[in-house]
Amino acid sequence: KTIYLKDYQVPEFLIDHTDLHFTLADDMTTVRSRLSMRRNPESKTQDASLVLHGQDMQLQAVTLDGTLLSASAYKVDEESLTVASVPDSFVLECETLIKPQDNTSLEGLYRSASMYCTQCEAEGFRKITYYLDRPDVMSLFTTTIVADKAAYPVLLSNGNNVDSGENSDGSHWVKWEDPFKKPAYLFALVAGDLEFIEDSFTTCSGNDVTLRIFVEAKDLDKCDHAMQSLKRSMKWDEETFGREYDLNIFNIVAVDDFNMGAMENKSLNIFNTSCVLAKPETTTDAAFQRVEAIVAHEYFHNWSGNRVTCRDWFQLSLKEGFTVYRDAEFSSDMGSRTVKRVEDVNFLRTVQFAEDAGPMAHPIRPESFMEISNFYTVTVYEKGAEIVRMIAHLLGKDLFRKGSDLYFERHDGQAVTCEDFVKAMEDASGKDLSQFRRWYSQAGTPQLAVSGRYDEVTSTYSLTVKQSCKTVQETPKAFHIPLAMALLGEAGALRLQLQGAEPNPDSADNTELVLDVTESEQQFVFENIPERPVPSLLRGFSAPVQLHFDYSRDELMFLMSHDSDGFCRWDACQQLGVLALKDMIAAYQAGQDMQLEPRLLSAYQHLLSDESLDKSMVALMLSLPSEAYMAGIMPKADVQAIHIARMTAKVEIADQLQALFLQAYKANTLSQPYQANEQQIAARSLKNTALHYLMLSETEEALALCLAQYQQAQNMTDSMAALSALVNSSFEQQKQQALADFYQRWQSEALVVNQWLSVQAGCYLAGTLDKVKALMAHPAFDIKNPNKVRSVVGAFTANAVNFHHQDGSGYEFLADQIITLNALNPQIAARLLGPLTKWQQYKDESAALMRKALQRIMAQEQLSKDVYEVVSKSLNS
Ligand code: ARG
Ligand code: ZN
């Protein structure tokens, strides 16, 4: 069944108060609810009956205004409870039984290790009790939790702890009251034997907030980084968005079994352990940065999501796109803005562009869905953030802040739409965003074909810009695309004179312009251009589009070293890499010798020799375009050819630049104690990039270096870099020894074991599928734990050359896992399916085998909504 945005209707009933009572016991959990309800004055329908959402539970009793209802007064089916007749205002009480210990979907109330926890977004609350489980029904919650005191000393829910006590049977209870109205998806409950670290934060208006992070005792030493990140986030949100925290308590709980990264439940954020725990010995630099970003993201939701929430799930990007934008700005302010931008754009272009090109393509505000869990996507999140970023650029810093202030003030306590957000931005700034709104309703990646012409006689330079967009829908209308650009001459950026263009409000001089591209074809003429320039286009990636400009290889070389925009310098290097790889892929396919583009080699040589460059940027530029990126831009991708060409290029680079890599390795080996700061992370990233190349040459010297690094490493970044290089090398004996040693050393640290699993599942050498199957039988693996599944099955499907093995064994393996997971955890099953659904991107032989695997899944009985939606859409596309 498909649900449509156009069918939205306001709720027929409202719930003013929600009073919940949980009794947690080993065999059964009893949930009693007391809902103070009334008819919604805004609802036009006047049906006497009340329909509540609810599934997977056993209803014991229903009471209406204190009277126990007889079985004929209500009806229960798989997904709802219907009470035949209710008055205009009433109290409804339900008693239900649920079994969290058997809940493997990890939605609703479930068990993780020895604790109870919840995940209610998007529609998990209906697995806890009968309710109006939709975000526009906002209610005041009180929650009482009763549980055995010895096993569950910590009992948490949203808001303030207002009462507690003990019973004579060894149980105890705590009552929580949340003073803010909220939709049910923000409800949370935790019960367990947990320990915590505590800190505090004083808000800008002087409120003291107690901050706690709850974990299992063994993880108490890994909470510090998250706590510091939380405090930085609270401060930053006050300074940057004027957002102050609104309670005296803020709790974070880490759980091992979690479908996503984390969840912003009011004052009780619940995190996947992988997104909150960190210490140098067990956690890589990338993971340290992820923890900081996700802690910030969930905290920022307190305003962009909780205080102002979504009217319905089609509006998901309202809170997610905005909050991703906010956390990206935070990370940029905490570290290097350019590095953060390059990483984010690289991810968007590789993963989101592929989603746009696949069968699940959707606008950031989808128009329909079967299962909302399938729409927690890179499009809604990351492309959604790009749309907010464009608004910020179009308005400029001050007006954007004015717009966000107006949005929060106007809609505080409400459940609103993306339209309300855009309207607030328009009202505060006076800018017209009417055409811009198309970004919310049209799917697909706009293609921007740009060409330039210099006229020496008139000293003019004209840029012709054509936009188009291939989507599943009919031809979309033209987007409003802000195209940031500059014209580079021999001595630097030229002054720009263009009639009708607005200067970039964030740029101090007039060498950068943001062109408003609004038509399918447009020309921009620049006057008084004294020399033939090289255009620098889409600076800072000013819009989520695919840019096509026919740069010569020498022009790319020029941009790489002369463009003042860091993103464009990186991109020029990528584009040269793309051209180099395309040559080699074509040569391989034609059975000819593969020659590496000499300019790329000299560019890399230059990067490695110039000590003044930012080390993180050098490391990023030394990374060739990924196989996934190449597959995305080549029609009917030939994965084997891409892999072989790219490896050949890398080995050639490694052999030619060995001395420089060795020098970079040594120059960036740190002696100070580990810190996850910008400078150290940059140095490690360059050093480990160098190690990676050195190991590709497979010299004894490189092996010695790698083994020494593995043995002496004081931090996980260096250990993993060395282990990964060994695993992908042909030094068989050293590899086996290191893997055994690593497991021996870290077997009691789940998150480290996950890295050990994924480095093996991601190995690009032949025979990996057999190793993956063996890993799934290893005691460290557990198919019910999403992190383990992602580490093994997810890492394997991202390992293109093995997943796309021409005999189809990778596809069949994935289909088997999907079929198993469909019954256990539909959300994870559907998410894991992603790589199989993009069959249209691959050469015919691969596509046919991928479809065959999809058909086998389709033929299963009892497919979950989640898996059915993804498989059926991809087979019908
Ligand atoms: N709101 C959470 C976040 O982005 C994600 C929750 C996802 N839940 C789900 N069932 N898909 O911070
Ligand atoms: Zn979020």
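One-based numbering, in listed order, for ligands and for the atoms of each. Since this is a predicted model, take the numbers as computed values, not measurements. In what follows, every heavy atom counts, from backbone to side chain, and hydrogens, waters and symmetry copies are set aside.
If you look at Tyr4 and Phe314, their ring centroids are not closer than 6.0 Å. Checked against a 6.0 Å centroid threshold, the rings of Phe400 and Tyr325 count as neighbours.
The Zn ion (ligand 2) lies closest to atom NE2 when only the N/O/S atoms of His297 are considered.
In this pair, Tyr376 and Tyr381 present their aromatic rings tilted. The plane angle is within the 30 to 60° band. Ring geometry, Tyr185 versus Trp313: the interplanar angle exceeds 60°, so the pair is classed perpendicular (tilted spans 30 to 60°). Between Tyr299 and Tyr245, the angle of the ring planes lies from 30° to 60°, which puts this pair in the tilted group.
Every atom of ligand 1 with a heavy atom of Lys319 under 4.0 Å away is listed here by number and element: 1 (N). Applying the 4.0 Å criterion to heavy atoms of Ala262 picks out, from ligand 1, the atoms 2 (C), 3 (C), 5 (C), 12 (O). Near Glu298, meaning under 4.0 Å from one of its heavy atoms, ligand 1 places the atoms 3 (C), 12 (O). Close contacts between ligand 1 and Met260 involve ligand atoms 7 (C), 8 (N), 9 (C), 11 (N) [criterion: under 4.0 Å to a heavy atom]. The atoms of ligand 1 that sit less than 4.0 Å from any heavy atom of Met263 are 1 (N), 2 (C), 6 (C).
At the shortest separation from atom 6 (C) of ligand 1 among protein heavy atoms lies Glu121 OE1, 3.5 Å. Distance from atom 5 (C) of ligand 1 to its nearest protein heavy atom, with residue and atom name: Tyr381 OH, 3.4 Å.
One option in Glu264, His301, His297 has a heavy atom closer to atom 2 (C) of ligand 1 than any other, and that option is Glu264. Nearest to atom 11 (N) of ligand 1 by heavy-atom distance, out of Phe258, Tyr376, Tyr185, Phe271, is Tyr376.
A heavy-atom separation below 4.0 Å is not found between Glu107 and ligand 1.
When OE2 of Glu320 and NE2 of His301 are joined through the Zn ion (ligand 2), the resulting angle is 80° to the nearest 10°.
The pair Lys383-Glu355 does not count as a salt bridge, with every side-chain nitrogen at least 4.0 angstrom from each carboxylate oxygen. Taking the charged nitrogens against the carboxylate oxygens, Glu78 and Lys865 have no contact shorter than 4.0 Å, which rules out a salt bridge.
Considering only residues two or more places apart in sequence or on other chains, Ala226 meets the side-chain contact (heavy atoms from CB on, under 4.5 Å) condition with Ile213, Val276, Val291, Val295.
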